[in-house]
Amino acid sequence: ILDDPDLKDIDPTVLKHCHAAAATCILEAGKQKADISAISTCLEDCKLDKERIEQFCTEYQKNKDALEILLGSIGRSPLHITDVSWRLEYQIKNNQLHKTYQPSYLVTLNIENSDSGSHPDVSFSCTMEQLQDLVGKLKDAAKSLERATQM
């Protein structure tokens with residue numbers, strides 16, 4: 001926005017405030033599932049002219065479904081892992097029928113969000129080295145959390 005030549009004469013601080021205000025208006029309208037008349041009334045109260053209100057409402061209406069999907073994917077609290085399962089996979093041949101004999105682990109994380117209940121499980125495949133690295137990082141995180149709670 002700051003690089004737009006049409007806006008070069010406007011103070012960057014004012015532009016940032018305007019951008020934040022517009023983003024807040026759009027997000028609140030999406031959260032409240034506001035209809036065009038409610039948005040128009042709100043913008044009229046803010047002393048915007050009719051042409052800008054119509055343009056804003058047109059653009060909002062075009063992107064309303066995508067906005068609601070995006071807002072729906074954002075929860076109030078972070079996901080947390082409730083369980084982990086794994087199994088050893090052993091690849092004997094690749095697509096070109098060459099023998100490979102490569103072991104790997106298929107890890108499945110059972111995820112839950114307190115806002116909306118269960119979520120699809122997260123699954124990934126990794127080598128032994130990658131799994132050892134993950135376990136080491138998780139141990140480091142647990143130690144850091146333990147130290148932080150003891151202070």
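Worth knowing before you read on, the calculation uses all heavy atoms, side chains too, and leaves out hydrogens, waters and symmetry mates.
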Smallest heavy-atom separation, I111 atom then T82 atom, equals N-OG1, 4.4 Å
Exercise. Hey, are E146 and K143 close enough for a salt bridge, meaning a charged N less than 4.0 Å from a carboxylate O?
Worked result: no
In short, L67 meets G30 closest at the heavy-atom pair CD2-CA, 3.8 Å
Does the side chain of W86 reach to within under 4.5 Å of the side chain of L106, using non-hydrogen atoms? no
CG (L71) and CD (E28) are apart, to the nearest 0.5 Å, by 9.5 Å
Nearest heavy-atom contact between I81 and L109 is CD1-CD1, 3.9 Å
Here the pair of heavy atoms bringing A34 nearest to K64 is O-NZ, 3.8 Å
Value for OH (Y60) from CD1 (I36), rounded to nearest 0.5 Å, stands at 7.0 Å
**Message:** Less than 4.5 Å apart, side chain to side chain, heavy atoms only: is that true for F124 and L134?
**Reply:** yes
The reported gap from CG in D133 to CE in M128 (rounded to nearest 0.5 angstrom) is 14.0 Å
One should read off an interatomic distance between S144 OG and K139 NZ, to the nearest 0.5 angstrom, of 14.0 Å
Separation between CD (Q61) and OG1 (T58), nearest 0.5 Å, reads 8.5 Å
In this structure, CG of D49 is separated from CD1 of I53 (nearest 0.5 Å) by 7.0 Å
Original post:
So with a 6.0 Å cut-off around CD of Q130, is the heavy-atom count from everything else above 12?
Top reply: yes
Taking every heavy atom of S104 against every heavy atom of L88, the minimum-distance pair comes out as O-CD1, 3.4 Å
